Every structure is written in structure tokens, then in C-alpha cells.
Amino acid sequence: MGTWNSRGLRGSFLEELINLTIEQYRTKKLALIQKVPTPITPIKIDKESKQITLAYFEQKSTVDYIGVVQSVPVCFDAKECAKSSFPLANIHEHQYEFMKDFEAQDGVAFLIIYFKNKDTYMYLPFEKLKYFWERMSGGGPKHFSFEELDEKYTISTYSGTFLHFLEQLQTDLSDRS
């Protein structure tokens, strides 16, 4: 059971972009994706502002988002990274296992990672995450570098959508065939 604090809010900017994007997708009837709430138990509440100042997670969360895109079940997590290498410690084992199980049910799991130092958003297919995870489990690096990612999975911010990741989802689906 973890304590709720500002560390869990590091991805707030990225999540806000994703939330705006999935609302546009819903409005345009392209996808129906929901932010998965993390259940918390409030411990302290500021009486004046009525804001929670201390809380505990009730259970381990799975992924940040889950839904369906044109009949394809999807789940994904949003992560931010300050450097050119992404620490796999940012992905909890239960999140990885959920994504693996989701894929086993013919769903599509992925990460959306914002590399701050490059001001670049990347779509990481589960298969690539699995490769990095197994490499780490076999004694390899506990991270992967930006340079190890395929540039075709760079997410654009054009076409009136805040973070248009459906093109990368289509690329992921095509790569599976």
C-alpha cells in the first residue's frame, strides 16, 4: 500500500494531453477510451479547502487507460521521462503482467512515453516493452534508450488533435500481421 503524494502526479501534463485527445476521439466517434481511476482512501482532509492532503492507495493500479478503438480493445499507460533513457523501474511488475494478460486476450497494450529532453512523444508497442523487460530479467540493462525506439512510433501533435496516437496504433496493428 503506497502513500499518495506529488510523485504520482509527474505525468499530469502528459495525461492532460491524452485526456483532451481521447475526448476528441470520442466526439469524432473514433474511439471510446477511459482514464482508469486509482482508488484511494483519504487519511487527512484540509478543512478549509476540503482537499485531500494525505491518502493511501487502496489497491495496485493496472494501467492508466482502457477502451476500444474501432472494435480493437486497447489499454495503455502514460509515462514521462526526463532523460534519453527510460528506467524500466517506472513500470511496475503488476502493470506489465496486466498488459501481458491483456495482449493474451487479443487486446493491444502499449505505453505512451514523453521524453522531456527531446520534447518527443513515443508510442511503445507491448512487444518492444516485452523485449526490454525480458532483456532486463535476463541480467541486461534496467532501462532502454530513446535511440532503441523506432521513429515510426513518434506521435505527432498535428491535425487538430493534441496527441494523435491512432496512427501509431495502426502501425502497431500492421506490424503484427
Side-chain angles (χ1 to χ4, degrees), residues 2 8 10-40 57-81 86-115 120-138 140 142-144 146 148-157 159 161-177:
R10 287 180 299 176
S12 292
F13 175 71
L14 174 59
E15 286 186 5
E16 188 57 32
L17 282 179
I18 292 170
N19 293 344
L20 292 167
T21 300
I22 63 175
E23 181 57 29
Q24 283 188 333
Y25 288 166
R26 187 191 63 76
T27 301
K28 295 176 181 177
K29 301 194 182 330
L30 295 173
L32 182 61
I33 301 170
Q34 277 190 310
K35 171 84 174 95
V36 177
T38 304
I40 61 168
F57 293 117
E58 290 177 15
Q59 61 191 32
K60 294 177 179 178
S61 63
T62 53
V63 291
D64 292 330
Y65 296 91
I66 196 160
V68 64
V69 178
Q70 306 292 306
S71 76
V72 176
V74 297
C75 77
F76 62 96
D77 213 64
K79 302 288 186 186
E80 290 191 16
C81 180
F86 182 85
L88 289 164
N90 287 354
I91 302 163
H92 301 286
E93 188 167 353
H94 66 272
Q95 290 176 312
Y96 174 80
E97 290 299 327
F98 180 86
M99 294 171 80
K100 184 170 139 188
D101 292 346
F102 196 85
E103 287 262 334
Q105 294 294 324
D106 293 328
V108 177
F110 55 94
L111 296 179
I112 293 178
I113 305 172
Y114 177 48
F115 287 88
T120 302
Y121 300 89
M122 295 297 294
Y123 175 110
L124 182 69
F126 180 77
E127 269 308 304
K128 192 69 172 180
L129 172 60
K130 183 178 173 189
Y131 166 78
F132 294 135
W133 195 271
E134 289 175 353
R135 180 177 76 177
M136 173 187 71
S137 299
K142 296 179 180 181
H143 66 276
F144 58 86
F146 179 83
E148 290 181 87
L149 304 179
D150 191 330
E151 69 180 44
K152 71 182 174 184
Y153 286 108
T154 303
I155 302 171
S156 70
T157 53
S159 72
T161 304
F162 296 97
L163 197 60
H164 189 46
F165 60 87
L166 293 185
E167 291 174 348
Q168 286 67 38
L169 173 62
Q170 184 58 53
T171 300
D172 186 0
L173 291 169
S174 295
D175 285 352
R176 292 166 185 242
S177 326

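Being a predicted model, the structure only gives us computed values, none of them experimental.
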Which residues share a side-chain contact (heavy atoms from CB on, under 4.5 Å) with E148, sequence neighbours left out: F132, R135, F144, S145
With L30 via side-chain contact (heavy atoms from CB on, under 4.5 Å) - residues at least two apart: Y25, K28, Q70, L166
Atom pair CD1/OG1 of I112 and T21 - distance to nearest 0.5 Å: 8.0 Å
Nearest heavy-atom neighbours spanning V69 and A31: CG2-CB, 3.7 Å
Side-chain heavy-atom pair F86, I91 within 4.5 angstrom cut-off: yes
Gap separating the NE2 atom of H143 from the CE atom of M136, nearest 0.5 angstrom: 12.0 Å
Qualifying residues under salt bridge (charged side-chain N to carboxylate O under 4.0 Å, His left out), relative to K142, sequence neighbours excluded: none
side-chain contact (heavy atoms from CB on, under 4.5 Å) involving E23 - partner list, sequence neighbours excluded: R26, T27
Set of side-chain contact (heavy atoms from CB on, under 4.5 Å) partners for T171, sequence neighbours left out: K152, Y153, D175
Heavy-atom pair of closest approach, residues I18 and L163: CG1-CD2, 3.8 Å
Test side-chain contact (heavy atoms from CB on, under 4.5 Å) applied to L149 and F115, step by step: CA-CA 12 Å; L149 304 179; F115 287 88; 3.7 Å; yes
Pairing residues for F76 by the ring pair (Phe, Tyr, Trp, His ring centres under 6.0 Å) criterion, not counting sequence neighbours: Y65, F110, F165
N/O donor-acceptor pair under 3.5 Å between D77 side chain and D64 backbone: yes
Listed partners of Q168 passing side-chain hydrogen bond (donor to acceptor under 3.5 Å, both in side chains), at least two apart: none
Listed once per pair and sorted, the side chain to side chain donor-acceptor pair (under 3.5 Å) pairs that draw on residues 123-133, sequence neighbours left out: Y123-D172
Side-chain heavy atoms of F98 within contact of D101, under 4.5 Å: no
